[in-house]
Amino acid sequence: MVSPGNKRAAVVEVVEEGLCSLRAAARAVGLSWSSFCYRAKKASDWMVRLVGEITFGTASVATYWLSQPKFTLMASLSMGM
């Protein structure tokens with residue numbers, strides 16, 4: 001199995017040799033045109049912080065809920081907490 005990054009490199013090499021167009025080379029190696037054009041962006045500081053807070057919050061809530069006895073959970077659910 002060949003990674004998309006290696007396929008991109010092969011497409012560029014074929015095109016630099018002048019053997020065919022970008023689209024034809026991408027098609028030949030089984031790489032969709034949109035995958036060839038894809039460029040990953042670095043996550044912004046805001047997004048990294050948000051994901052960290054969500055992950056931390058989810059872990060805290062899960063730990064809390066798992067540590068509670070069943071009757072306490074049922075009571076809090078029926079009270080709308």
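Between Val15 and Cys20, the closest heavy-atom pair is CG2-O, 3.7 Å.
A 4.5 Å side-chain heavy-atom check between Phe36 and Val29 finds every atom pair outside the cut-off.
Linking ILVMFWY side-chain heavy atoms closer than 4.5 Å, directly or via other members, places Val11 and Val2 in two distinct hydrophobic clusters.
Between the SG atom in Cys37 and the CZ atom in Arg8 there is a gap of 9.5 Å [rounded to 0.5 Å].
For Ser3, the side chain to side chain contact (heavy atoms under 4.5 Å, CB included) criterion is met by Asn6, not counting sequence neighbours.
In this structure a side-chain-to-backbone donor-acceptor pair under 3.5 Å is missing from Arg27 to Trp33.
Taking Ile, Leu, Val, Met, Phe, Trp and Tyr as members and joining any whose side-chain heavy atoms lie under 4.5 Å apart, directly or through other members, the hydrophobic cluster of Leu19 also contains Val14.
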